[in-house]
Each structure stands twice: as structure tokens, then as C-alpha cells.
Amino acid sequence: MTALTLPVLAAAFLLSMYFRSYFGVVGPALSADLSLSPEQFGRLASTFFASFSILQIPVGMSFDKWGVRGPMAAMMSIGAAGSAIVALSPGYWCAITGQSFVGIGCAPIFMGVLYYLGRTNEPERAGRLSATVSAVGSAGALLSASPLSWFVEVFGWQSACWLAAAAMAVSAAAVAFMLGPTPASIEESDRDQRPWSLVSLFYLVPVCFTLSLGGTFRNAWAVPYVTSVFGEHVAVGAMLTTISVVGIVTSFMLPIVLMRVPGRTIVISTYGAGVTCAIFLSSAPGFTFLSACAGLSVLYAMGNVHPLVMTEAQTLIPPRVRGLALGGLNTLVFLGVSVASVVYGEIAGLSLSVLSSYRVIFAVSAAVIAMAMFCYIVFRGRNPLVCTDREFADNRGTKRD
């Protein structure tokens, strides 16, 4: 690693976070100018996530074969071209093409961060550095909110897409020329000699599937929930900003906490807090607006343990197939968001009162989060490839000595 590694990776991840949510601001203006139907708008909004999720396993395989720098820089260049295509779009199909290219550009970024830092650092340090990059990059979600709204209002949505395209192109060049080649893993010889099976990762499947459950509320269901329960007059913008700020603040705290607390303990504690909040919201969805904001903020902040889960997974995977396995786990994260949104929609469509609907939605959330936490605690402890907290502490003491 060089002094430029973390800034380059953090800048790339910031752009990825920006593009994940920028369409909520740019999309309506684009749709009005191109006279898109609601169905076309919906498909256009989902194109990014479709191309993003489909490519996770191929991206991981490319990392295994060529390292991070080449594939990541090349795909980010495609993403820059995609943003430019969106800016130039005369119609629906051109915009679809641009959005799919943007998804391609963002697909390798987060996994590239995890893969590169995992290859260049011991697991404990890799987890802290990944959490740091994730914390800095999470500011991209804020850039795509009020600042982007102002920019679009003043300069237009095309200018916003051109500026984002330029930023992505510069970031791709920085990855190509400043990141450095992916070295052999520092643990490669030991890990290759240990028995390994795909079954050893199964205890992480429920965790990955529920990691971004809170993001489903933040991006889709928070506004319908609070407006239908507390009324149209509630401060929706302030609520969404608060949820985002809580997510960012807790993500910045994570690397500091990791210096004292094992990642396993943080994951379990975070999931425990998520279960508690989901149960509370299920039992009293209409208690107060402030309690709803607090509960949704905790559920959203659960996603901050994503780097810790992926870092733990890397310690169980032989270097030769690490990208492939990480790609599969990362696909589950986005699959969980899609499935959760569909399930919540089906529940909301039942012949129930508003409060009863959200009681069921939050109860289902509490159940699946609790199941994931149970699998993580029980089956992780039975996994012979996973070190215990006592071994973790002993290793840290050995390193200090």
C-alpha cells in the first residue's frame, strides 16, 4: 500500500454511493424532459441496480485473475461514459443504456476496496481500513441529496450528469495510475494449506441477506410509513437527512471501536440493536414521529457492518477463489434489498389497517434479523476455520509483544 491508496479507494467509493441514489433527484427532471411513462421511469430507476448486482460474481472472478487495478479502472471508465450517455439521452433506450453503463462502472468499487485491502493487510487491520473507506465514501449519499437538488435546479440535470461523468473518469484514472498492483495475500500459504469448503461460509448467508434491510426502509418505505401513520405534514426531508447522518456518524465511529472490540462482537451487537428497534416499531408503529426516526436510523446504520462481514469472509476463503466467493456474498446483499421491498409491498397490499400493516412489516423484519443473528452466533461458533474471541485477543497480544 502507498499513501495514496486509501484516498483513491475512498474517492471511488464516494462516487459509487453517489450514483446509487442520484437518480432520485435527476430522474424526475430527466423523465419530464424525455416524456417517460411511469413504467419507463420505474424500469430506468432499476437498471442501475440490475447491472450492478448481475456483475458481482464476474467482477470477483476478474479480481482473482487480474487483480483489482485493471478491471476496476476499466469498468469505472465505462461508468463515466454511461453518465455522459445519460446526459446526451434523446429518449428512453439511450437513457437505459447509460444507466446500465453507470451500474457497470460502480459494480467493482466496493468489492474492489474489500479485496485490495484484504490482500494487503492482516484481517484485523483490513477490517479497520475497509470501515474507514466506507465511512468516508458514505458522504456520497449526502451529495446526492440536497446539494444535488440545488445543482439540478440551478444548472440542470444534464450538467449534473456531465460533472459526475468527469469525476468518474478522473477517479478511474487515479485507480489505474496510483492504486498499484494487487499483491499476493500475506496469508496465502497458510490459507491454501487449510481445509476449506463452501459450507464454511453458509453461516454468513443470512447476515448478508439482511445487511441492507434498513436501507430498504431508507430508500423506499420510510416516507410511506411516516406519512401514512403520522400525516402528510411531518418533516420527511429532515427525517431522511437524520437517518443518513446517523449512518455516516456511526460509520466513522466504527474504525475507532474496532481498535478495542472484535468485529464479531460489533456484528452481534449491531444486529441485536436492529432486532430491538424492529420489535419496538412493530409493537408501537405510531408511538411518536421521533421514535420512528430513531428506529429507522438504527436499522439503516446496521449496513455499516458490511465491511466487517466481508472481511471475516475473506479469512475463510483461499486467495485463489476469494473474488468469486465475495462476489456471491455481495450479490446476496442486493438480492435481500429486492426481496424485502417486494415482501413489504405484498404486506402493504393486504386488507389491513395502516398500523396493522406496519406492525406486520416490522415484525417480519425483526424475525429475519433475529434469525440471521442466531445463525451467525450458533453456526459461527461451530466453524473450525473461525477463530474465537479468545484467540483474537491472544493474537493481538502476540502482535504487541
Side-chain angles (χ1 to χ4, degrees), residues 8-31 41-56 59 71-89 94-114 133-152 155-175 212 215 218-220 240 244 247-248 251 303 306 330-331 333-334 337-338:
V8 167
L9 293 175
F13 186 61
L14 185 147
L15 285 169
S16 178
M17 292 297 292
Y18 167 86
F19 277 115
R20 290 187 196 187
S21 52
Y22 92 111
F23 197 76
V25 175
V26 169
L30 180 153
S31 180
F41 177 82
R43 288 192 289 269
L44 187 58
S46 65
T47 300
F48 170 91
F49 293 99
S51 61
F52 188 104
S53 58
I54 289 171
L55 286 172
Q56 290 304 296
V59 163
M72 187 169 167
M75 296 177 74
M76 288 181 68
S77 299
I78 295 174
S83 187
I85 291 173
V86 172
L88 293 170
S89 294
C94 188
I96 282 282
T97 302
Q99 275 286 87
S100 65
F101 281 11
V102 172
I104 292 172
C106 294
I109 294 177
F110 183 60
M111 192 160 57
V113 171
L114 297 172
V133 171
S134 178
V136 174
S138 63
L142 283 183
L143 289 178
S144 62
S146 297
L148 181 59
S149 297
W150 171 84
F151 191 92
V152 169
F155 299 104
W157 65 269
Q158 292 95 337
S159 297
C161 290
W162 279 116
L163 183 60
M168 182 69 101
V170 171
S171 184
V175 169
S212 292
R218 164 63 178 80
N219 297 328
L240 294 178
S244 298
I248 291 174
S251 67
H306 192 170
N330 218 27
T331 300
V333 176
F334 294 94
V337 174
S338 301

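Excluded from the calculations below are hydrogen atoms, water molecules and symmetry mates; all remaining heavy atoms, backbone and side chain alike, are included. Counting begins at 1 with the first residue of the sequence.
Taking the side-chain contact (heavy atoms from CB on, under 4.5 Å) definition, one finds that Thr331 meets it with Gln56, Ile57, sequence neighbours left out. Applying the side-chain contact (heavy atoms from CB on, under 4.5 Å) criterion to Ser159, with sequence neighbours excluded, gives Phe151, Phe155. In this view, Phe13 and Phe110 satisfy the ring pair (Phe, Tyr, Trp, His ring centres under 6.0 Å) rule, not counting sequence neighbours. For Phe48, the ring pair (Phe, Tyr, Trp, His ring centres under 6.0 Å) criterion is met by Phe52, not counting sequence neighbours. Residues passing the ring pair (Phe, Tyr, Trp, His ring centres under 6.0 Å) test with Tyr22, sequence neighbours excluded: Tyr18, Phe19.
Considering CD1 of Ile104 and CD of Gln99, their distance stands at 11.5 Å, rounded to 0.5 Å. For the atom pair CG (Leu143) and CG (Leu15), the distance works out to 9.0 Å, reported to the nearest 0.5 Å. Here the CD1-CG distance, from Ile109 to Leu14, works out to 10.0 Å after rounding to the nearest 0.5 Å. Atom CG in Leu114 sits 8.5 Å away from atom OG in Ser134 (nearest 0.5 Å).
A donor-acceptor pair under 3.5 Å is formed between the side chain of Ser251 and the backbone N or O of Ile248.
Heavy-atom minimum distance, Ala29 versus Val152: CB-CG1, 4.4 Å. Closest of all the heavy-atom pairs between Ser51 and Gly103 is OG-CA, 3.2 Å.
Counting heavy atoms from C-beta on, the side chains of Leu44 and Leu30 come closer than 4.5 Å. Side chains of Leu88 and Gln158 form no contact here, defined as non-hydrogen atoms less than 4.5 Å apart. For the pair Met17/Cys106, no side-chain contact is recorded, criterion being any heavy-atom separation below 4.5 Å from C-beta on. Two residues are said to be in side-chain contact when any heavy atoms from C-beta on lie closer than 4.5 Å; Val86 and Thr97 fail this criterion.
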Taking only distance into account, with no hydrogens and no angle test, what donor-acceptor pairs under 3.5 Å do side-chain atoms of residues 72-85 form with protein atoms, sequence neighbours excluded?
residue, atom, partner, partner atom, Å
Ser77, OG, Ala73, O, 2.9
Ser83, OG, Cys161, O, 2.7

